[in-house]
Asker: 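Below: one structure in structure tokens.
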Amino acid sequence: MRNAEIADAFAELADLYELDGAIVHRVLAYRNAATAIRSSGRSVAELAQAGRAEELPGVGKTIAEKIVDLLDTGEVPAAKRLKEKFPAGLVEITRLPGFGPKRARKLYDELGIASLDELRRAAETHVLRAVPGFGRKAEENVLAALEAADNGQGGRRALLPEALGIGEEIVAALREVPGSDRVEIAGSARRRAETCKDVDIVASAADPAALVDALSSLRVIAEVGTSGEAGARALTHSGMTVELRIVSPSSFGNLLQHLTGSGRHNELVRTEAVRRGLHVSEYGVSDDAAGTTHACATEEEIYALVGMSYIEPELREGRGELEAARGGTLPQLVRVEELRGDLHCHTVASDGRNTIEQMAAAALARGYEYLAITDHSATHGFGNHVSPDELRRQIERVREVDAQVEGLTLLAGSEVNVLPDGSLDYDDALLAELDWIVASLHTSFRMGERELTARMIHAMEHPLVDLIGHPTGRLIERREPYALAFERIVEAAVRTGTLLEINANPDRRDLNEHNARLAAESGAMLLIDSDAHGVNTLANIRYGVDTARRAWLTREHVANTRSWPELDALRKRSRAQASATTRPC
DNA sequence: GCCGTTTTCGGCCCGACTGTTTTCAGTCG
């Protein structure tokens with residue numbers, strides 16, 4: 001059973017306990033456990049079966065036992081009992097905006113409402129307002145929320161580039177407004193999460209009204225809802241909510257920290273503060289003993305007050321960053337400027353939009369020292385495969401351009417398909433002519449875990465495969481990862497010296513932050529690539545760096561922070577040669 | 001239900017908003 005499935009089961013159990021009236025802290029304990037399970041890079045099923053689930057933060061004896069029950073029987077016994085007690089539609093009602101377990105439960109007890117349809121009817125016929133605590137407005141809100149849900153609105157999460165694009169445009173415009181002081185993106189976009197529900201912007205300004213005016217006149221903004229001195233809430237034409245909050249410069253740091261989150265991170269910071277007799281809020285850090293409140297212009301001041309070094313936004317997820325910040329062991333996160341080359345991109349030879357020359361020029365303009373041209377291979381369908389003869393000609397063209405271009409090492413590579421049996425779709429003699437080989441899966445995803453894992457490991461054992469491209473095959477919000485035993489893949493990567501890619505395409509970001517962190521901790525070497533299909537998408541590399549940073553990676557973990565000769569020396573074909581030449585006779 | 005440089009028991013972040021009620025519970029981020 002996958003981590004996501006186990007996490008879903010415990011998140012659902014939390015919902016059910018909440019409906020059942022359990023104390024909030026117990027419910028929270030289940031939610032926290034679900035989050036820890038979801039973000040574990042290791043297989044929680046394997047961990048639990050080995051009796052080691054309690055190693056996960058927030059998982060104690062009880063939940064560890066329940067994980068084993070779930071694995072053994074396919075269901076947590078407590079969840080089974082509660083599902084018999086509460087109809088499935090009740091949980092759906094708790095997810096409606098404005099509804100939680102208390103209000104859903106009240107309608108169930110008073111009116112027997114157990115589904116969204118029944119709720120709609122009760123609102124339409126004004127039966128709802130007979131229940132204490134519900135009135136005219138509640139009925140209107142129910143109907144509006146149900147309509148929004150029917151239209152597929154509500155709950156849509158944008159990929160990071162969409163949210164960042166909106167946020168960066170707004171920030172740039174607001175910084176130009178006379179009297180504006182500081183303007184920053186906050187929220188999940190600042191943490192560089194894979195998806196964002198809305199765009200949060202924090203500002204300080206001498207004239208807040210001018211900022212709100214400027215926001216409402218921006219091209220991206222369709223309408224401004226509520227607005228005032230403290231900020232505004234607006235909607236973009238694409239349907240994203242933008243939240244602008246304005247404070248005095250003296251507490252800019254407090255609001256920025258508060259709105260950057262994550263919720264879990266803030267909760268942990270505040271718990272740590274309470275232990276020191278302090279209370280952290282969006283307005284300042286108050287001191288019980290002194291009876292004073294310290295407003296913080298910068299986030300650094302807040303973290304210093306609670307005894308920690310500054311924590312980069314990408315790490316603020318409640319995954320051990322507080323302990324590291326207390327102990328002074330936070331990683332020096334890899335930066336996009338540290339990448340010296342890109343080793344996965346496409347040209348018109350397969351499905352790219354630009355020529356080798358154009359890609360080389362664009363790589364030079366980015367300041368790269370090297371670029372590998374890795375078009376798709378012989379069996380890549382979609383009418384853009386590269387036959388063995390075409391690959392030979394492509395290698396020649398790469399060599400010619402390499403000779404012409406100053407300051408860039410151009411590598412002749414290929415993104416080779418891993419066939420269902422784990423073999424590659426060019427013969428070894430041709431592969432040996434290439435400087436760089438990415439092996440990826442593009443077909444036959446629906447194999448069982450055992451077969452698919454063996455298939456990928458077989459490819460990794462090929463002496464010429466340098467890198468596994470987009471190793472889990474997931475597409476964010478669209479396609480689940482392949483059924484891989486990821487820890488086996490990491491073991492094989494370490495054993496064979498095969499690099500694992502963080503594919504920076506923002507639809508992929510594959511490896512994800514959890515897998516990348518596990519791989520690095522296990523001693524595997526990672527590499528960040530754009531997988532660009534044109535000159536414009538080389539810049540996508542930033543999203544791969546975002547994932548790497550969220551995975552706690554330093555430049556040491558990322559192979560392409562090295563020069564090409566250094567990287568060349570550490571890959572497995574060089575190591576094999578080295579061990580062959582130093583072997584005693 | 002989890003957890004411990006206060007604790008193996010007794011805590012567990014903080015504040016705004018909403019709709020309802022008349023002082024606040026529930027929801028949200």
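Residue numbers start from 1 in every chain, and the chains themselves are labelled A, B, ... in the order their sequence lines are given, proteins ahead of strands. As the structure is a prediction and not an experimental result, all values here were calculated from the model.
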Asker: Salt bridge check, A/Glu272 against A/Arg276: does any charged N sit closer than 4.0 Å to a carboxylate O?
Answerer: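 Here A/Arg276 pairs with A/Glu272 in a salt bridge, since their nearest N and O are under 4.0 Å apart.
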Asker: With nearest nucleotide decided by heavy atoms, which residue, A/Arg136 or A/Glu267, maps closer to the 5′ end of DNA chain B?
Answerer: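 Upstream on the strand: A/Glu267.
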Asker: Distance check, P atoms only: B/dG1 and B/dT5, in whole angstrom units.
Answerer: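 It comes out at 23 Å once rounded to the nearest Å.
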Asker: Expressed in whole Å, how much space separates the C1' atoms belonging to B/dT6 and B/dC12?
Answerer: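 15 Å, rounded to whole Å.
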Asker: Under 4.0 angstrom, heavy atoms only, what part of the nucleic acid is A/Pro101 near: base, sugar-phosphate, or nothing?
Answerer: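 Counting heavy atoms under 4.0 Å across all strands, the contact made by A/Pro101 is with sugar-phosphate only.
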Asker: Rounded to whole angstrom, note down the C1' distance from B/dG26 over to B/dT21.
Answerer: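 It works out to 14 Å between them.
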Asker: Would you call A/Arg81 and A/Glu84 a salt bridge, using N to O less than 4.0 angstrom?
Answerer: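 Salt bridge: no.
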Asker: Give A/Val274 one of three labels, base, sugar-phosphate or nothing, depending on what nucleic acid heavy atoms sit under 4.0 Å from its own.
Answerer: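 Sugar-phosphate, backbone atoms only, no base.
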Asker: Just to be sure I understand the rule, does A/Arg275 reach a base, reach only the sugar-phosphate, or reach nothing, if contact means heavy atoms closer than 4.0 Å?
Answerer: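 The answer is base, as A/Arg275 lies within the cut-off (heavy atoms under 4.0 Å) of a base atom.
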Asker: Between the main-chain N or O of A/Ile201 and the side-chain N or O of A/Glu243, is there a donor-acceptor pair closer than 3.5 Å?
Answerer: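 Side chain of A/Glu243 to backbone of A/Ile201, a donor-acceptor pair under 3.5 Å: no, none is there.
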Asker: When all nucleic acid strands are considered with a 4.0 Å heavy-atom cut-off, which category describes A/Leu259: base, sugar-phosphate, or nothing?
Answerer: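 Here A/Leu259 touches no strand at all.
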Asker: Heavy atoms under 4.0 Å, any strand shown: does A/Val59 hit a base, just sugar-phosphate, or nothing?
Answerer: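 Sugar-phosphate: the residue A/Val59, judged by heavy atoms under 4.0 Å, touches backbone atoms but no base.
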Asker: Over all strands shown, is A/Ala22 touching base, sugar-phosphate only, or nothing at heavy-atom distances under 4.0 angstrom?
Answerer: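 No contact at all - A/Ala22 keeps every heavy atom at 4.0 Å or more from the nucleic acid.
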Asker: For B/dT22 versus B/dA16, give the span between their P atoms, rounded off to a whole number of Å.
Answerer: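 Rounded to whole Å, the distance is 24 Å.
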Asker: Can you tell me how far C1' in B/dC28 sits from the matching atom in B/dC13, rounded to whole Å?
Answerer: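 Between the two C1' atoms, the distance is 14 Å.
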Asker: Please evaluate residues A/His294 and A/Asp287 with respect to the criterion side-chain hydrogen bond (donor to acceptor under 3.5 Å, both in side chains), reporting the C-alpha separation (whole Å), side-chain torsions for both, the decisive distance (0.1 Å), and the verdict.
Answerer: CA-CA 8 Å; A/His294 186 92; A/Asp287 186 323; over 6 Å; no
Asker: Rounding to an integer number of angstrom, what distance separates B/dC9 and B/dC14 when you compare their C1' atoms?
Answerer: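 Here B/dC9 and B/dC14 have their C1' atoms 25 Å from each other.
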Asker: Please classify the nucleic acid contact of A/Leu96 as base, sugar-phosphate, or nothing, using heavy-atom distances under 4.0 Å.
Answerer: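 Counting heavy atoms under 4.0 Å across all strands, the contact made by A/Leu96 is with sugar-phosphate only.
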Asker: Could you check whether A/Asn141 gets within reach of a base, just the sugar-phosphate, or nothing at all, counting any heavy atom under 4.0 Å?
Answerer: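 Answer is sugar-phosphate: A/Asn141 comes under 4.0 Å of backbone atoms only.
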Asker: Using atom P in both nucleotides, what's the gap between B/dT20 and B/dT27 to the nearest angstrom?
Answerer: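 One P to the other, the span is 14 Å.
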Asker: Does the structure place the NZ or CZ of A/Arg103 under 6.0 Å from the centre of the six-membered ring of A/Phe99, at an angle of no more than 45° from the ring's axis?
Answerer: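 Yes; both conditions hold, so A/Arg103 lies above the ring face of A/Phe99.
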Asker: Can a salt bridge be assigned to the pair A/Arg120 and A/Glu139 using a cut-off of 4.0 Å between side-chain N and carboxylate O?
Answerer: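 A/Glu139 and A/Arg120: not salt-bridged.
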Asker: Determine the contact category for A/Lys66: base if any of its heavy atoms lies under 4.0 Å from a base atom, sugar-phosphate if only primed atoms, P, OP1 or OP2 are that close, otherwise nothing.
Answerer: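 Sugar-phosphate: the residue A/Lys66, judged by heavy atoms under 4.0 Å, touches backbone atoms but no base.
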Asker: Under 4.0 Å between any heavy atoms, over every strand shown, what does A/Val269 touch: base, sugar-phosphate, or nothing? Just pick one.
Answerer: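 The residue A/Val269 makes no contact with any strand.
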Asker: Does A/Lys83 pair with A/Glu12 as a salt bridge, N-O distance under 4.0 Å?
Answerer: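 A salt bridge links A/Lys83 with A/Glu12.
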Asker: Reckon A/Gly263 touches a base, only the sugar-phosphate, or nothing at all at heavy-atom distances under 4.0 Å?
Answerer: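 A/Gly263: no heavy atom of the nucleic acid under 4.0 Å.
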Asker: Which donor-acceptor pairs under 3.5 Å do side chains of residues 33-42 of chain A form with protein atoms, sequence neighbours excluded?
Answerer:
from: A/Thr35; atom 1: OG1; to: A/Arg31; atom 2: O; distance (Å): 3.0
from: A/Arg38; atom 1: NH1; to: A/Asp8; atom 2: OD1; distance (Å): 3.0
from: A/Arg38; atom 1: NH2; to: A/Asp8; atom 2: OD1; distance (Å): 3.1
from: A/Ser39; atom 1: OG; to: A/Thr35; atom 2: O; distance (Å): 3.1
from: A/Ser40; atom 1: OG; to: A/Arg42; atom 2: N; distance (Å): 3.1
from: A/Ser40; atom 1: OG; to: A/Arg42; atom 2: O; distance (Å): 3.2

Asker: Say you pick atom C1' in B/dT8 and the same atom in B/dC2; how far apart are they, in whole Å?
Answerer: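 Going atom to atom, C1' in each nucleotide, I get 12 Å.
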Asker: I want to confirm an ordering. Mapping A/Arg103 and A/Leu28 to their closest nucleotides on DNA chain B, which one lands closer to the 5' end?
Answerer: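 By nearest-heavy-atom nucleotide position, the 5'-most residue is A/Leu28.
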Asker: From the 5' end of DNA chain B to its 3' end, which nucleotides mark the outer limits of contact with chain A, defined by a 4.0 Å heavy-atom distance cut-off (strictly under)?
Answerer: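 First-to-last contact on DNA chain B, by the 4.0 Å heavy-atom rule, is B/dG1 to B/dG29.
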Asker: Tell me which nucleotide, if any, is Watson-Crick or G-U wobble paired with B/dT8 when both distances must be under 3.5 Å.
Answerer: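 With both distances under 3.5 Å required, B/dT8 matches none.
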